[in-house]
Amino acid sequence: MLRSPRHAWWGVVTASVALEVIHHWDPGVGQYAPVVGVVTGIILAYVLQPEVWQFIRRHRAHYGPFALYTLMVWIAAATSMHRSTSLRYAVGVPAVLFVTAVVLPYLWQKRQLTQEAWLVPLAWTGLLATLVAGGAALGFHQGFLVPVGRHHLLAWEWPFANKNTLGMLLVFSVPAALALSLDASDYRRQRVYGLFFVIMLAGLLMSYARTAWIAAMVGSVLLIIARCRGRGVLAVLV
């Protein structure tokens, strides 16, 4: 992962799935080890590069909201009574922001991270999770009962965790599949990833993860606006 930056995203996806598997068996602090290892490795690979800091200075006007959000998290952590949770937020939020707001756009600008390496793994992972969750719900009646009015409906969920985990993953996978389906240069790709988008959208709706619904729609709208205005994926990432 460190020697080949274009494979870093596969590390993130793999670590996220590993976290959910570990959580299923032992929901303790150890479940965070895979993600912490991958994120720390990515940060160490780039934080010492002078070009990365030049990239940050060149785009510093865009990083104001990220800096403000980090400051708010630190203030909340310092005033919180639950120290262990606050520490995870105080350290984890800046780490994740550094990877998503600095490293990924930097790699994209350097042409070391292509659309294939960024969006395709997301789309396939989201499709796999949706099919597994749908199969468990429809075939084995496994899921999360959600009260809707006077009835209880079965929400689709990632088998190793819950419906919100499936929704969290599809927040990224749904816009990724949409972006790939808008590729006018390949009609076959449009059809394949258009089908992915429809399947994952159904899975997102059936997860009943309400925040995920909103976030996925916002991400999709932003992506469509960016494409219509002729902007690249870099703008969407930031």
Subject >> Sub-6.0 Å ring centroid separation between Y63 and H59 >> reply: no

**OP:** Working to the nearest 0.5 Å, report the span between CD of Q190 and CZ of F197.
**Re:** 13.5 Å

**OP:** Go through the steps for R189 and L180 under the test side chain to side chain contact (heavy atoms under 4.5 Å, CB included), then give the verdict.
**Re:** CA-CA 7 Å; R189 166 177 289 210; L180 292 167; 3.3 Å; yes

Original post:
Out of curiosity, does V52 fall in the hydrophobic cluster containing V47 (side-chain heavy atoms, cut-off under 4.5 Å, transitive links)?
Top reply: yes

**OP:** Verify the cluster assignment for V96 and V73: are they in a single hydrophobic cluster under the rule of side-chain heavy atoms below 4.5 Å apart?
**Re:** no

Subject >> Shortest non-hydrogen contact from L170 toward G203 >> reply: CD1-C, 3.8 Å

Subject >> Atom pair CG/CG of L201 and L178 - distance to nearest 0.5 Å >> reply: 9.5 Å

**OP:** Could you tell me whether a side-chain N or O of S80 sits under 3.5 Å from a main-chain N or O of A76, the two making a donor and an acceptor?
**Re:** no

**OP:** Please assess Y106 against I56 for the test side chain to side chain contact (heavy atoms under 4.5 Å, CB included), listing each intermediate value before the final yes or no.
**Re:** CA-CA 9 Å; Y106 169 77; I56 294 174; over 6 Å; no

Original post:
Which atom names give the shortest non-hydrogen contact between V36 and T40, and what distance separates them?
Top reply: O-OG1, 2.6 Å

Subject >> Transitive ILVMFWY side-chain link V102 to L48, under 4.5 Å >> reply: yes

**OP:** Answer with yes or no whether the hydrophobic clustering places F66 together with M72; edges join I, L, V, M, F, W, Y residues whose side-chain heavy atoms lie under 4.5 Å apart.
**Re:** no

Cut-off 3.5 Å, no hydrogens considered: what does the side-chain donor-acceptor table look like for residues 119-127, sequence neighbours left out?
| unit_1 | atom_1 | unit_2 | atom_2 | d |
| --- | --- | --- | --- | --- |
| W124 | NE1 | Y193 | OH | 3.2 |
| T125 | OG1 | P121 | O | 2.6 |

Can you list, pair by pair, the side-chain donor-acceptor contacts under 3.5 Å of residues 204-218, counting residues two or more places apart and other chains?
| unit_1 | atom_1 | unit_2 | atom_2 | d |
| --- | --- | --- | --- | --- |
| S207 | OG | L204 | O | 2.6 |
| S207 | OG | A209 | N | 3.2 |
| W213 | NE1 | L204 | O | 2.7 |

Subject >> Between CD1 on residue I75 and OG1 on residue T70, distance to nearest 0.5 Å >> reply: 11.0 Å

Original post:
Can you tell me how far the CG atom of L97 sits from the OH atom of Y69, to the nearest 0.5 Å?
Top reply: 7.0 Å

Original post:
Between V99 and Y46, is there a shared hydrophobic cluster once you connect ILVMFWY residues whose side-chain heavy atoms come closer than 4.5 Å?
Top reply: yes

Original post:
Short question: side chain of W156, backbone of G134 - any donor-acceptor pair under 3.5 Å?
Top reply: no

**OP:** Please round to the nearest 0.5 Å and tell me the distance separating atom OG1 of T130 and atom CZ of F196.
**Re:** 10.5 Å

Original post:
Only one of R57, K110, R58 clears salt bridge (charged side-chain N to carboxylate O under 4.0 Å, His left out) with E51; which?
Top reply: K110

Original post:
When rounded to the nearest 0.5 angstrom, what distance separates CG in D186 from OG in S181?
Top reply: 12.0 Å

Subject >> Minimal non-hydrogen separation, A177 against M200, with atom names >> reply: CB-CE, 3.3 Å

Original post:
Which pair of non-hydrogen atoms, one from P94 and one from Y89, has the smallest distance, and what is that distance?
Top reply: CD-O, 3.7 Å

